[in-house]
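Working notes for the structure below.
By convention in this document, chain letters (A, B, ...) are assigned in the order of the sequence lines, proteins followed by strands, and residues within each chain are numbered from 1.
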Amino acid sequence: MKINCVINGRTKEFEFDPARSLRELLVSDGHFCVRDSDDREGFAGSDTVVVDGIPVYANLMLAGEVDGCEIRTPDGLADGRRLSVVQQAMVDAGVVQSAYNAPAAALLLTWLLENNPDPSKEEIKDALSGIFIRDAGYEHYYLAVKLAREKIASGGYTSEIAPEFREELSVVGKVKPKVDGRQLVAGWKSYVEDRVEPGACALVLLRSPHPHAYITKIDISEAEKMPGVLTIITCENCPDVFYMQAGQGNPEPSPHDRRLFNRKVRHVGDRVAAVVAETEEQAKAARDKIRVEYELLKPVFTVEEAMASDAPLVHNGVVEYRAGAPENLDEYNKTADPRDGKVIYQFPLHGDIRHNIAAAAHGKIGDVEKGFADADVVIERTYQTSQIQCTPLEPHVCYAKMDNDRLVIHASTQVPWHLRRIVAWVCQIPENKIHVIKEKVGGGYGSKQDVLVEDLVGYATWITGRPIYYRNTREEEFIANSTRHPMRVTVKMGGRKDGSITAIYMDVRANTGPYGNHCLTVPMNACSKTLPLIKCDNMKFDVITYYTNIPPTGAYQGYGAPKGTFGLMMCMAELADKLGVDYMDMAKKNRVEEGYMLEILKGLGEGREGNVVPVGSCGLGEALDKGAAMIEWGKREVSVDPDWKIGKGFAMIQQGSGLPGLDHANCDVKLLTDGTFMIHSGGADLGTGLDTISVKMVAEVMCVDMDRVSILSGDTDNCNFDTGAYASSGTYFSGNASLKAALDLKTNVLDEAAYQLGEDVEDLELRYPGEVHSLKTGNVLTYAKLSHDALTGTGRGQVTGKGSFVTNDSAIPYGAHFAQVAVNVRTGEVKVQKFYALQDAGTPINPELALCQMYGAALKSIGHSLYEGMVLDADGTCLNPNFTDYGVPMISEMPDDFKAVLLDINDAYGPFGAKSISEIATNGAAPAIGVAIHDAVGIWIRSWPFTPEKILKELGRM
Amino acid sequence: MIQSFYIAKDAEDAIRRKRELDGRGVFLAGGTEINRLGSSVDSDEVISIRKIGCDRIDDQSETIRIGCCVTFQQLVESPLLPAWLRDASKYCDSRTKRNMATIGGNIALGRDDSYLMPALLAAKVRLLTAGLTEEGVYTEDELPIREYHAFKDHFAGTLILAILIDKHERFVMTRRFSRTAQSHASVTVGFGADRDEAGNPANVRIFAAVKGSGIQRYADIENAIEGDAYNSPEDVQFAVSSMTKAVDDLSGSATYKRYLAGVAVSDIYRMFLSGTGGAK
Ligand SMILES: Cc1cc2nc3c(=O)[nH]c(=O)nc-3n(C[C@H](O)[C@H](O)[C@H](O)COP(=O)(O)OP(=O)(O)OC[C@H]3O[C@@H](n4cnc5c(N)ncnc54)[C@H](O)[C@@H]3O)c2cc1C
Ligand code: FES
């Protein structure tokens, strides 16, 4: 059918199948930023366009319907390279983070302001009600609208965007546009999917319908004959290489317990075969022809089932150790079934796969039994967390191709170097044969710390020599991706009537699912990021992680801390209640303070002895004081409607800043010939603003504007090694590497200037806007001249700086999150009326981005506290593998009053005093809301999510 | 997978086309169901009805006439419409989806988590439908929405042209329960009633869309309320809970759904008795 329409003001005529979607039409016309993040579910709004003045979802409209219509797409908003007022306001407000939906949101806000120049908060909320924003929460979108309105009215902003820090510094701690904000908000090419070239082949996966089974026969003969098929990879022909997918430091504290394809499938959705074909349709058609026979095994889904004495074994293969093998290993392996493959520990993790135990850890300080004996009251409570999906808008995706004899991988990853190592290992090729290009990451939240698709796409490309594109469906994101480990956290706590805590015991039983990604470290984190909050001489923990047949788990923002914090803080509140002590008083009395020696950390290293360090900079006290004042702690609120009861709660929180002693970051900076700078950073910015941090480091040290500094990061050919963006390491490790590189560059520039000017280095300084100035002679040498002369035929060579950062010092961020909730005693509904997140991030280098990180993380954790959770049926099939059924929070779920507050704390070790910001912000909501529910209606809800149904049951209403 | 697309010029063209396609064709209105992942509608051939001229809300002295292609957002914005209908339209929490989804589509679907049906049924609205006789003669018909809903299969080839709301004073209220604003509802209830000259409840209609168990009518309870057999909202709560058919599923247990249906209806009934809320 001929379709005539106007797109972004240009008249277009298409010969196009009218029954295909409007999005397909638009993408075929180059509007690739009209995206789809939910496979046409009609939920997430990545496909929002405006048709005849009305916002619609392009996936839910047919191309034939727009004949004669006027269409606007997000990429039409910018005028060439100039952003629109709304787009710029979004960048300035800090909401453009991983930004997969930022272009669509910009279109909605533009439409709103064009039709309603003075919108109320409710009207903004309404306009954004159909778009899912997971990264930045929604709060600063209101600010973006305000800024845009101010700019339209007066040509500039009058509102404060965020508080600024460190008066003596010019860019660090200041509100400055994120360096990649423009491309992300404008919808320019940014993501892996934007790099796919015509002719790329497709890979699709055949996945297991069974939770636990041996593949007894797999017949691909018919499938191989199908048109377009290039290769089919199964357990019969894949490399016999065991590895694991978590992107962790090498040697990893997780067992190598899988191959690309295993003879045993261990969860519904596990890989059975990969089909590579010329087109996706051909690959899918061939997939239908694969015949598989299974020998079904009894599955285990819960920790309790896995612990049972007669439990089926999820892994019953041969156990090997690369170091530290126990003496009785041969005996241990006598009952191994070769069909189960192997479990190879890099070093002992105290696993016992013959009892489904993937890893374990134990530790203590003092004498807990004595501590309990000294207590006036001892309570023991068990808290259960559920399986939570990261739900990045951009699913796991990979495009790989060959360049001569090298494998080039365009990846959406938090760990480019671990990715390269793992793919090299799987393909059994050296690392110099692989080039990983980290593209913009459209949402990671931990799940892209794991190498979940690149292993296979990389291998398939290597063996076929063909460019291959693969993208998880949304359903695959749910069933074959990293999720939060479900955990059962039992806390025993003793306290005295004066509110002091005498002993704490934490028993953490974690469910790692089919494979052991992060099986030691996530559950340990439930203790290592919680117990050190408390000044208590008697503490003990036991951590045991079990294999089961649920969909895989792994890293998710906060790691184990949200679960541990839920258990520990709820138990403290319960103890306070039993003792008749105010919970706030108890928190203040028992919290750690600067200088307190964290002995408990000794047993909490990642598979090695942990570093015992004193508490460094610590904003915990200030967070509690300020938060209590903001929420009016102790004041009872009464609703006019007697069915609604109001309560308040809070939780103390902490995290880390990377893994001191394990993590490593590198950065190089070059002075270019015109006096500008190019950074090559190993850091993997996943939308949080890490590149902006690196640019700020160099601009600050070299006294230049930020636009004179450019950055390339996360590219394994062009940058130096970095362990990756996880464990809240970005600012502290990669940022410190950038700072060290900048300082090294400064030294080298001064040295070169001294040579060129014939002066002593001690007499020289760097000066804005980019020059060396002699305090002695008044001579001035611009960076441009310095660089030019260094690179002439007689010059001494390019001036560069190099920074490599490792440390044993910890920069622990602290905070407290407060909630006020209303609970309906007749319906069990819970409304979060107020949520205040107060955090000590050291010096917030990008304050506006930091605030949006906090809003995003807090809203995610409100989500896992109240709404989210994967539900499996009796056969292990996920019943809610889509956004609607799974229940992610949207703008309607935002607290009525939502505030993120950055406390002004300067850290001794962080770059310019900075600590990490975002992971910690996922830790507080569950206990804060849980305590508030108790305050409102007197019940303790001890399992996620706190659904109305659970509340009604606890209230005895049904 | 949609194979063909046809734009109907008017209502008659739409239903003739549908008959030509031997039942394989479906009317395409907002497309939010037809085109979505996991759609309940099998749609090889679609017949767009967006251009048949049914996208207005008209005040017609005794009634308000809502064209089938009126979107949820038009419903929200129309000052002509009663509050209960605007409230129910907002149950579709995504503005962008409200810009697309139509009232006709919602009625035709009659989902077990329907945004509008419990309220429309409780309000006793009437539908104007168009069809073809066996001989192929174009006809238009007016019928109660209850009849359309109760005999849905019978109306398979029928096009809903308009929704007619009687303008006389009637108390109608609706409530929806879902985990997030955009999750599927466990229960959505609609309660409608008039007052007779003595001020007693008359023409009571109670409906609940219960996820997994369909849209249910509580005729016995309606009669009991009219006949003064129930003394208090608590009686109604108990009766609704015990009569509600429900199953355990993702949206909640059967017990929870029964409980919610009872609470919601009794709360609305209480408001009706006290003369607060709900009246248009
Ligand atoms: C993420 C998501 C969540 C949803 N959740 C809900 C929900 O909770 N509750 C709910 O009720 N709906 C839900 N829907 C479905 C849908 O948005 C609404 O039901 C909407 O009102 C359908 O109207 P439409 O115009 O888009 O229908 P269409 O998709 O165009 O059509 C739906 C059906 O109605 C028929 N039809 C349309 N108009 C007429 C007419 N005039 N006469 C006869 N038949 C007609 C069509 O042939 C088709 O069979 C959801 C949709 C999405 C994408
Ligand atoms: S249908 Fe809108 S993002 Fe998928």
Test log, rule side-chain hydrogen bond (donor to acceptor under 3.5 Å, both in side chains), inputs Y218(B) and T244(B): CA-CA 8 Å; Y218(B) 300 83; T244(B) 300; 2.7 Å; yes
Name the member of G42(A), S21(A), A127(A), G64(A) that forms the most heavy-atom pairs with chain B at distances under 4.5 Å. G64(A)
Contact leader toward chain B among F883(A), Y867(A), Y886(A), where contacts are heavy-atom pairs under 4.5 Å: Y867(A)
So which part of [X] gets closer than 4.5 Å to some heavy atom of chain A, the side chain, the backbone, both or neither?
{"X": "I34(B)", "value": "neither"}
{"X": "S253(B)", "value": "both"}
{"X": "V46(B)", "value": "side chain"}
{"X": "Y259(B)", "value": "side chain"}
{"X": "K51(B)", "value": "side chain"}
{"X": "Q3(B)", "value": "backbone"}
{"X": "R50(B)", "value": "side chain"}
{"X": "R98(B)", "value": "side chain"}
{"X": "F177(B)", "value": "side chain"}

Option in [options] with maximal non-hydrogen atom pairs under 4.5 Å from chain A:
{"options": "I2(B), N99(B), T180(B)", "answer": "T180(B)"}
{"options": "I7(B), D93(B), T32(B)", "answer": "D93(B)"}
{"options": "R179(B), Q182(B), R258(B), R36(B)", "answer": "R179(B)"}

Which of parallel (below 30°), tilted (30 to 60°) and perpendicular (above 60°) describes F191(B) and F272(B)? tilted
Tell me, side chain or backbone of [X] under 4.5 Å from chain B's heavy atoms, or both, or neither?
{"X": "E65(A)", "value": "both"}
{"X": "N882(A)", "value": "neither"}
{"X": "R957(A)", "value": "both"}
{"X": "V830(A)", "value": "neither"}
{"X": "T947(A)", "value": "side chain"}
{"X": "L108(A)", "value": "side chain"}
{"X": "D126(A)", "value": "both"}
{"X": "M890(A)", "value": "side chain"}
{"X": "L952(A)", "value": "side chain"}
{"X": "E949(A)", "value": "both"}

Between Y115(B) and F72(B), ring centroids under 6.0 Å: yes
For the residue pair [Y] / [X], report whether a side-chain donor-acceptor contact shorter than 3.5 Å exists.
{"X": "E41(A)", "Y": "T884(A)", "result": "yes"}
{"X": "D875(A)", "Y": "T877(A)", "result": "no"}
{"X": "S46(A)", "Y": "R23(A)", "result": "no"}

Does [X] pair with [Y] as a salt bridge, N-O distance under 4.0 Å?
{"X": "E77(B)", "Y": "R95(B)", "answer": "yes"}
{"X": "D267(B)", "Y": "R270(B)", "answer": "yes"}
{"X": "E476(A)", "Y": "R471(A)", "answer": "no"}
{"X": "K284(A)", "Y": "E281(A)", "answer": "no"}

If you define the side chain from C-beta out and look only at heavy atoms, does anything of F43(A) sit under 4.5 Å from V888(A)? yes
Does R19(B), at its CZ atom, have more than 12 non-hydrogen atoms belonging to other residues, nucleotides or ligands within less than 6.0 Å? yes
Identify whether NZ of Lys or CZ of Arg in K121(A) sits under 6.0 Å from the centre of the six-membered ring of Y142(A) and within 45° of that ring's axis. yes
Can you see whether F27(B) has K18(B) sitting over its ring - NZ or CZ less than 6.0 Å from the centre and within 45° of the normal? yes
